[in-house]
There are 2 protein chains.
Amino acid sequence: MPQTVRPSEEVSIADVAARAGVSVATVSRVLNGHTNVRQPTREKVLAAVAVSGYRINELARNLRTAESRLLLTMVPDFGNPFYAAIVRGIDSVARQNGYFMLLCDTGADPLRERSYFDLLRGRRADGAICLDPAAVQKALAEEASALPWVACCEFDPAAGVPYVGIDNHAAAGDVVRYLVGRGHRKIALINSGHGYLYGRQRFEGYRDALVAAGIEAHPAWQIELDSLDYTAGEAAARQLAALGADRPTAVFAVSDTLAIGVINGLRGAALSVPEDVAVVGFDDIAVAAHIDPPLTTVAQPMQELGETAAHLLLKRLREPEAQVAGVLLPHQLILRRSA
Amino acid sequence: MPQTVRPSEEVSIADVAARAGVSVATVSRVLNGHTNVRQPTREKVLAAVAVSGYRINELARNLRTAESRLLLTMVPDFGNPFYAAIVRGIDSVARQNGYFMLLCDTGADPLRERSYFDLLRGRRADGAICLDPAAVQKALAEEASALPWVACCEFDPAAGVPYVGIDNHAAAGDVVRYLVGRGHRKIALINSGHGYLYGRQRFEGYRDALVAAGIEAHPAWQIELDSLDYTAGEAAARQLAALGADRPTAVFAVSDTLAIGVINGLRGAALSVPEDVAVVGFDDIAVAAHIDPPLTTVAQPMQELGETAAHLLLKRLREPEAQVAGVLLPHQLILRRSA
DNA sequence: CTGAAAGCGCTAACAG
DNA sequence: CTGTTAGCGCTTTCAG
């Protein structure tokens, strides 16, 4: 016969029922705010709860109701302030809807992402929001398409997964057109490499806008990085500065962290911004407005991106059958002094 | 009679057992890697698992084993890169030990923190790491001291809660002594206000070092803020710049975000750093090295702070009775160009 | 080495 | 309005 090993202080719903002189069903009813309980009975129960110090065991409730009330959020790097703002948006609507957020840093590693997705399969999370590179998502797409998840920022409209993001192609075009309007014709692109779909979209926006302006880009002006670190931006800037006569007069970096690194790298090469080289970033993270020179950048509605992702997911949980379309939020070019 | 509403595709351990022609107990044994199962039997089970596409329901396991394998982390603001680095440290050791991390942003709000602590009470998390202001923690101290949690960065040695942090008093003293050594006698302190214990500790370190150097501080040089935003730092800088002849020649800000704001504010007042005013920050967040001028600051071992906190908590979970002492990690003054 | 069976603590039919 | 009872899906004695 299995024995109960719980410490004596653990009080269960049955204890409360006994103390109140009612059934466990009644206790459950008042706990869950059902209305069909007489007032005196309700009070008896509440009193018993109070004196016994009872706390509901949500693990048991979770099993019974078959939900964990947890939303999983996967980010490639929560050291990047860009993600922090989005995560805050997710968190706020999750909480408003009675969910908590399980935050995981995948480091853009497919294996780690896979193991996090197992949280869904094991019912430990009810749904997931994925901010990982599309390449990483893709590996999962087939087998995971039935799982309740949505994509945020990184998305492949063709993947059949609900998503929210911005029009990266247009945004990159806006930047190039602005720069061209200011007289620049030698415009570099510092891009995050490989897996990121937004990288490709922004590259295409950059290329198309250049073509439309009748400008041919020097191959050396297009740099692919495998990191969004400040340091990576610095290295890219040095590389560009070394071009001598072929040096670009403007640089478009696909992330503010990169752009800040670029500015610093340019400074190290005795080039001043924006006089010698104009610099435009992307994201509009908090620090962008507070450096020297203040960064001209494309603002993404970060908080709203997160909120929308959470709403999309919640909707998918409520109506599993409903077809949820992808949504694109507006971006905005913020003019400051760096370009 | 209650009916089973689970979709037909949901397969349970009983289905696997039936398919393999064994009992659920045996399936469970195989799943949990128990050794007392004959090889042929094990293979039958594994085969049945594979063909049925069975995934263990961790909610059920959690109820049975009475643990959630989740660690709760509460931060006052995950927009601050300082916290991001710590959180990464926590996450890495949590994962190494088979736990996932539930990350919550309390906004330094006692009510929200309380509600998060309820996750512990409801067994949805096995333990917690709290980075909130001591004042917020204190409200919980009495009733929550029995709960398995540890404090990180913010700690009251007298509270009886295991903690990890740095010696803030000494660190602030180091900054002041360095500044005095460079000839400064008019040293301002820009502090986070109110609740934060580290604020008080750093203030005392600042004050004591000043006294030891025989310097009397002008009251106007001590500014209390209720935010660590860049903007808050900027406002403080303007305030200091307006002092005219009484203007300090050095500023010690208790956070890098504040310090970056200060530098920007000073620049707005046409004061240059470090020539007119030297600026020292605290934390050594990633961007600190990449602004102009690069920030002199006190580095905290952020990753290690998080890792240690997680280890402390894990130890407390394993040995509930053991007395865990507080631990102080070394800090380091990083000299760059801002001071 | 394997199986039967007793729950973990809770919710929700169903019957009264 | 309230109680009885059957599980949710799993782990773990205890017997054989």
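Side-chain atoms are counted along with the backbone in the values below, which use heavy atoms only and exclude waters and symmetry mates. Here is the naming used below: chain letters follow the sequence lines, and residue numbers restart at 1 for every chain.
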Please determine, for the side chain of B:Thr26, which listed nucleotide (C:dT2, D:dC1, C:dA4) has the closest atom? C:dT2

Between B:Tyr54 (OH) and D:dG9 (C1'), how many Å, whole number? 7 Å

Any salt bridge linking A:Asp91 with A:Arg95? Criterion: basic side-chain nitrogen under 4.0 Å from a carboxylate oxygen. yes

Between C:dC8 (P) and A:Asn57 (CG): distance, integer Å: 11 Å

Could you tell me whether the side chain of B:Asn80 and the main chain of B:Phe82 form a donor-acceptor pair under 3.5 Å? yes

Quick check: any donor-acceptor pair below 3.5 Å linking the side-chain of B:Arg64 to the base of C:dG7? yes

Checking all strands, does B:Ile56 fall into the base, sugar-phosphate, or nothing category for heavy-atom contacts under 4.0 angstrom? sugar-phosphate

Which whole-number value in Å describes the distance from B:Glu58 CD to C:dC8 C1'? 17 Å

Kindly indicate whether the side chain of A:Arg29 and the base of D:dG3 share any N or O donor-acceptor pair separated by less than 3.5 Å? yes

Could you tell me whether a side-chain N or O of B:Glu154 sits under 3.5 Å from a main-chain N or O of B:Tyr196, the two making a donor and an acceptor? no

Does this structure show an ion pair linking A:Asp118 with A:Arg124, if we count only N-O contacts that are shorter than 4.0 Å? no

A:Lys44 NZ - D:dT2 C1' separation (whole Å): 10 Å

Determine the contact category for B:Asn62: base if any of its heavy atoms lies under 4.0 Å from a base atom, sugar-phosphate if only primed atoms, P, OP1 or OP2 are that close, otherwise nothing. nothing

With nearest nucleotides of DNA chain D determined for A:Gln39 and A:Val24 from heavy-atom distances, which residue corresponds to the more 5′ nucleotide? A:Gln39

Heavy-atom donor-acceptor pair, B:Asp105 side chain to B:Phe78 backbone, under 3.5 Å: yes

For DNA chain C, whose closest nucleotide is more 5', that of A:His34 or that of B:Asn36? B:Asn36

Can you tell me the distance, in whole Å, between the CG atom of A:Leu59 and the P atom of D:dC10? 14 Å

Rounded to whole angstrom units, what separation is found between the CZ atom of A:Arg61 and the P atom of D:dG9? 18 Å

Nearest to the side chain of B:Ala60 - C:dG3, C:dT11, D:dG9? D:dG9

Starting at atom CD of B:Glu67, determine the distance to atom P of D:dT11, rounded to an integer number of angstrom. 11 Å

Rounded to whole Å, how long is the line connecting atom CG of A:Leu63 with atom P of C:dG7? 17 Å

